[in-house]
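Below: one structure, written as structure tokens.
Read the numbers this way: they start at 1 and go in the same order the structure lists the ligands and their atoms. No experiment lies behind these values; they were computed from the predicted model shown. Residue numbers count from 1 along this sequence.
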Amino acid sequence: MHPVSQAESSGVLIHPLFLGMRGCPGRCVYCDQDKLSGSSGYDLEESVARVREFVRHHPEREKQVAFYGGTFTAWERDSREKLLRGVSEVCDARTSFRISTHPLYVSEEILAWCKNWNIRTIELGIQDFNPEVLALSGRGYSGQEALEAAYRVKKQGFELGIQLMPGLPGWSEASLEENRRILAELKPDLLRLYPLIVIRGTALEQLFNSGEYFPLSLEEAITQCADYYPVARRAGFRIIKLGIPSNIDPAEIAGGPWHPAFGELVKAELAARKVLAIDPQEQAVTLSRDEIRLLKAHGGAALQKVQDWFEQHS
Ligand code: SF4
């Protein structure tokens, strides 16, 4: 499968390259990067050729080549430098790099290395800031370490992205509140929300089959993701991804809140909340054409919610 270039809401054009699990200190119980990216490998020459085309087609645009999957800064240095050197040779002055990595691999020394290699955006796969959730998920770091890593990246002037994973074992209303509070204080630039789904062949599937892991329902995942929007609005960061990449074959999903248009379901929930926030006797609300489309889309569950609410309140 060939990765496609995509425009982020900031207007920067992103060209993703998937690196599988290169550099990962272990295999997280829920992870299968090949299935998530829809790709089974990475080839340096092919990657460089794709980047060359990407850069050639968009000379006027601000661009980033994004290295996703794996733990970029824990990958052996020679390999990552070989990749960056190869890709840099075909980039123009409007192209920088974005990486996704693990919070334990962003020391001051590594961040200095990142600056030298034109890396402008660092996304940290933190998944949750709550210590109990992190321990139960075997992530190998504490909430405090995750937070310190995020502040270090920010302080060094990188664009900071945080990836969270609603639905990890041990989550609670208190842990959700803690995540929202920390994000409000941290003020990252970007947030991705990947509600946890159960991929076939992972250790999580065994826990799911034996009844030791209960995934979120689709509705719970939508609610939890929608709850981050008011925080993002107040703290001034962008939510750039909702749900796991849609490249996955649905047959590979054993359970959990997966939907091919998960992001639209969250946005429909936000449109419904806009209506539900008014006093129908006293106030009116204006919805955009897109919000109305979202309310009606995917079976119209959000519209039904609004209609039920009006019936109860009129
Ligand atoms: S660190 Fe990230 S890419 Fe690596 S196994 Fe864990 S979730 Fe997958």
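- Compare Gly138, Gly69, Gly23, Cys28 by their heavy atoms: the one nearest to atom 6 (Fe) of ligand 1 is in Cys28.
- For the residue pair Gln144 / Glu148, a side-chain donor-acceptor distance below 3.5 Å is found, with atom types taken as modelled.
- A heavy-atom distance below 4.5 Å is found between the side chains of Ile197 and Pro257.
- The existence of a salt bridge linking Glu252 and Arg200 is excluded, since no basic side-chain nitrogen approaches an acidic carboxylate oxygen closer than 4.0 Å.
- Side-chain atoms of Arg98 and Tyr68, non-hydrogen and from C-beta on, do get closer than 4.5 Å to each other.
- The contact set between ligand 1 and Gly26, taken as ligand atoms under 4.0 Å from a residue heavy atom, comprises 5 (S).
- Using a 4.0 Å cut-off between charged nitrogen and carboxylate oxygen, Glu76 and Arg22 do not count as a salt-bridge pair.
- Heavy atoms of Gly125 stay at 4.0 angstrom or farther from ligand 1.
- Remark: ligand 1 atoms within the under-4.0 Å shell around heavy atoms of Cys24 are 1 (S), 3 (S), 4 (Fe), 5 (S).
- Summary of contacts: the protein heavy atom closest to atom 8 (Fe) of ligand 1 is Cys31 SG, 2.3 Å.
- Heavy-atom proximity to Thr71, at under 4.0 Å, picks out these atoms of ligand 1: 1 (S).
- Put simply, atom 2 (Fe) of ligand 1 has no protein non-hydrogen atoms near it, under 4.0 Å away.
- By the 4.0 Å N-to-carboxylate-O rule, Glu177 lies too far from Arg181 to be salt-bridged with it.
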